[in-house]
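Here's the structure we're looking at; comments come further down.
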Amino acid sequence: MINNSKEKTFAFFVILGFCLSWVIGAYGSPMGFPLEGNDIFRERSRGAIAFAGLAGIALLPGKSIFPRVPLILWICFGFLIIWGCFMVINAQSEMNIYRARWIMIKDRPFPDLPGSPVASATKKFTFEIIAVFLFVIAIARSTESSIWKKILTAFALASLSVALIGMTHKILGIDTVWGIPDQQPELFFAPYVYNGNAASMMNLGIIMAFSMALTDYRKNGTSRPFYLWMTCGAVIGIGIIFAASKAGALILVGQLGLFVLFEAKTLLVIIRSRRRRRTKMSLEKKMALGAAAIILAGFTIISTGLLNSRFQDMFEDIENTGEASTINGRLEMMKLMVNLSADTNEAYWHGIGPGTFPYLIPFYLKNRESKLEAVWEYGHCDPLQTILDWGYFGALAWFTIGIGGVVRGGYLLLKRKVPHDDLHLVKGIVISLIGIGIHSCFDFPLSILSTHLVAISLCGILWTIYRNQEPGKLGSAS
């Protein structure tokens, strides 16, 4: 085992903490949006991810100098990177966003083949994929030991920080993210301009927290870490409701339902053991638990009221106009993306170009006399936008990475190839990915760099776990 040093591992987690803090925190600035003309925050996020990935490859313990990454990931990421580079090299044009003017590129190497209509946007997106792939390679390195479990801990704590920051903003009455003016201040939560993205990040972490609690219970019973992780999950759950995202709340309910279904046996054991171990608590402990319960109940009531008002607004919209404007707008956009993806003169098999959606969609809306209004920087349906941006083969590569990871996780559970100590964690990863996958079908969580990074990292764990080490004691998938 090389790099078997606690100091090097600690150094990696310091770098990882900085990376997650920057990627999550910096995106709260409105200048993180591509159409603002200043993408420096996101560019530095790419650099932070690449640096963390290289640090993981160099510092984490492993069996060989370079991590063993499954061939399927090399093929998928390799194709995405090569296709992105080709679209940049063979770019058709560039866009001056300040004057909304297209600048045609002459002397293209392959004029009869597709190329990006906005070369700079595709180039930035390709760099982003390279950075994420470096991070996935570091994830592969982490699965050669037990480090991947600590990375899951970091993801859960990142979700907790989003919940705490968001609730603090709301309680203090701060109108915008970090006090920076924004066009839609009522929708922000924590460092995210859009509350739905914050809910997605927290939904990725809440099941991780509960899975950590059950994992600790399997080892130590109802110890202090068990209660801490359960409290962490409860706070994240309140944060999701506090964010007042309708879709986020529905995904939360679905994920918790799956968690209870998958972990019913363990949860019943915990409940029964607590009944058998009724010990007398001290007055101080009772007072502390009572205070914590009152605080959590208060936050729950306040957050439920905020979420209820969002649903009431939607029902009033339906009652007054006969339709829900947000739902109808998304359905109209989905229809447009399907038509463009099937149009041989537009996207078709090659796509319009990675990262070019927000630049091209206003022209498509105008030329096709669409009823849609406002600025659409994302398609509010990540799978369809992926097909539109990347074409059929690029989308197949992305779906293989994401859906394939979930399928392999399910295979490991069904075939009882997961050690007892890791059983709850693997189930938690699968549930979290199912949740964000469903959410991405009517929103854009996977178009946001922070949630995209965490989701792809979880897929990387499922793709690489137990390939480079023999599980000690195999568990059951019950």
Shortest non-hydrogen contact from [X] to [Y]?
X: Ala48; Y: Cys19; answer: O-SG, 3.7 Å
X: Gly248; Y: Ala199; answer: CA-CB, 3.8 Å
X: Trp229; Y: Ala156; answer: CZ3-CB, 3.9 Å
X: Ala121; Y: Tyr359; answer: CB-CE1, 3.6 Å
X: Gly53; Y: Ala138; answer: O-CB, 3.5 Å
X: Val136; Y: Gly460; answer: CG1-CA, 4.4 Å

Got a sec, which residues hit side-chain hydrogen bond (donor to acceptor under 3.5 Å, both in side chains) with [X], two or more places apart in sequence or on another chain?
X: Gln92; answer: none
X: Ser116; answer: Thr122
X: Lys335; answer: none

Please test Phe357 against Met337 for side-chain contact (heavy atoms from CB on, under 4.5 Å), starting from the C-alpha separation and ending with a verdict. CA-CA 10 Å; Phe357 178 89; Met337 289 191 290; 3.9 Å; yes

No-hydrogen, no-angle side-chain donor-acceptor test under 3.5 Å, [X] and [Y]:
X: Tyr192; Y: Ser450; answer: yes
X: Trp22; Y: Ser45; answer: yes
X: Ser447; Y: Asp382; answer: yes
X: Ser200; Y: His439; answer: yes

Distance-only criterion, 3.5 Å: show the donor-acceptor pairs between side-chain atoms of residues 7-16 and protein atoms not counting sequence neighbours.
unit_1 : atom_1 : unit_2 : atom_2 : d
Glu7   : OE1    : Ser5   : OG     : 2.9
Lys8   : NZ     : Asn3   : OD1    : 3.1
Thr9   : OG1    : Ser5   : O      : 3.2

Would you say the side-chain atoms of [X] pair up with the backbone N or O of [Y], donor to acceptor, closer than 3.5 Å?
X: Ser211; Y: His424; answer: yes
X: Ser93; Y: Pro117; answer: yes
X: Asn195; Y: Phe189; answer: no
X: Glu94; Y: Ser120; answer: yes

Test side-chain contact (heavy atoms from CB on, under 4.5 Å) applied to Leu152 and Leu425, step by step: CA-CA 9 Å; Leu152 292 182; Leu425 297 178; 4.2 Å; yes

Assess whether atom [atom1] of [X] is packed by more than 12 heavy atoms of other residues, nucleotides or ligands within 6.0 Å.
X: Phe399; atom1: CZ; value: yes
X: Phe442; atom1: CZ; value: yes
X: Ile103; atom1: CD1; value: yes

Measure the shortest side-chain to side-chain distance between [X] and [Y] over non-hydrogen atoms and say whether it is less than 4.5 angstrom.
X: Leu423; Y: Arg218; result: yes
X: Leu258; Y: Ile207; result: no
X: His350; Y: Tyr392; result: no
X: Ile270; Y: Phe226; result: yes
X: Pro70; Y: Thr464; result: yes
X: Ile465; Y: Arg408; result: yes
X: Ser64; Y: Arg68; result: yes
X: Tyr378; Y: Ile448; result: yes

Under the criterion side-chain contact (heavy atoms from CB on, under 4.5 Å), I'd like the reasoning laid out for Leu449 against Ile49: C-alpha separation, chi angles, the key distance, then a yes or no. CA-CA 10 Å; Leu449 185 55; Ile49 293 170; 3.9 Å; yes

Spacing of CD1 belonging to Ile361 relative to OG1 belonging to Thr356, to within rounding of 0.5 Å: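 Here the rounded value is 9.5 Å.
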
With rounding to the nearest 0.5 angstrom, report the CD1 to CD1 distance, Ile434 to Ile429.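 Answer rounded to 0.5 Å: 12.0 Å.
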
Partner residues of [X] under the side-chain contact (heavy atoms from CB on, under 4.5 Å) criterion, sequence neighbours left out:
X: Ser457; answer: Phe135, Ile139, Phe155, Leu453
X: Leu228; answer: Arg224
X: Leu54; answer: Leu134

So that I know where these two stand, are Phe79 and Trp390 an aromatic pair - ring centroids less than 6.0 Å apart?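 Ring centres of Trp390 and Phe79 not closer than 6.0 Å.
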
For residues 438-452, which residue pairs pass the salt bridge (charged side-chain N to carboxylate O under 4.0 Å, His left out) check, not counting sequence neighbours?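 For residues 438-452: Arg330-Asp443.
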
Can you list every salt bridge (charged side-chain N to carboxylate O under 4.0 Å, His left out) pair that touches residues 455-464, not counting sequence neighbours?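 Matches after skipping sequence neighbours: none remain.
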
Partner of Phe77 by ring-ring contact (aromatic ring centres under 6.0 Å, His included), out of Trp83, Trp463, Phe133: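 Among Trp83, Trp463, Phe133, the one meeting ring-ring contact (aromatic ring centres under 6.0 Å, His included) with Phe77 is Phe133.
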
Could you go step by step and tell me if Gln255 and Ser432 meet the side chain to side chain donor-acceptor pair (under 3.5 Å) rule? CA-CA 7 Å; Gln255 285 191 155; Ser432 298; 4.9 Å; no

Of all residues at least two apart in sequence or in a different chain, which pass the ring-ring contact (aromatic ring centres under 6.0 Å, His included) check with His380?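 Trp376, Phe444.
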
Going by the side-chain hydrogen bond (donor to acceptor under 3.5 Å, both in side chains) test, which pairs reach into residues 149-164, not counting sequence neighbours?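 Those involving residues 149-164 are Lys149-Asp422.
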
Just do the side-chain contact (heavy atoms from CB on, under 4.5 Å) check on Asn197 and Thr451 with the steps written out, would you? CA-CA 8 Å; Asn197 298 146; Thr451 47; 5.6 Å; no

Does the pair Trp102 and Phe363 meet the rule for a ring-ring contact (aromatic ring centres under 6.0 Å, His included), with working shown? CA-CA 12 Å; Trp102 298 97; Phe363 298 93; 5.4 Å; yes

Check: residues 84-91 side-chain donor-acceptor pairs under 3.5 Å, at least two apart:
unit_1 : atom_1 : unit_2 : atom_2 : d
Asn90  : OD1    : Phe110 : N      : 2.9
Asn90  : ND2    : Phe110 : O      : 2.8
Asn90  : ND2    : Leu113 : O      : 3.0
Asn90  : ND2    : Pro114 : O      : 3.0

Is Lys63 salt-bridged to Glu144, cutoff N-O under 4.0 Å?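 Here Lys63 does not pair with Glu144 in a salt bridge, since their nearest N and O are not under 4.0 Å apart.
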
Using the six-membered ring wherever Trp is involved, compare the ring planes of Tyr466 and Trp148 and label them parallel, tilted or perpendicular (cut-offs 30° and 60°).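 Perpendicular.
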
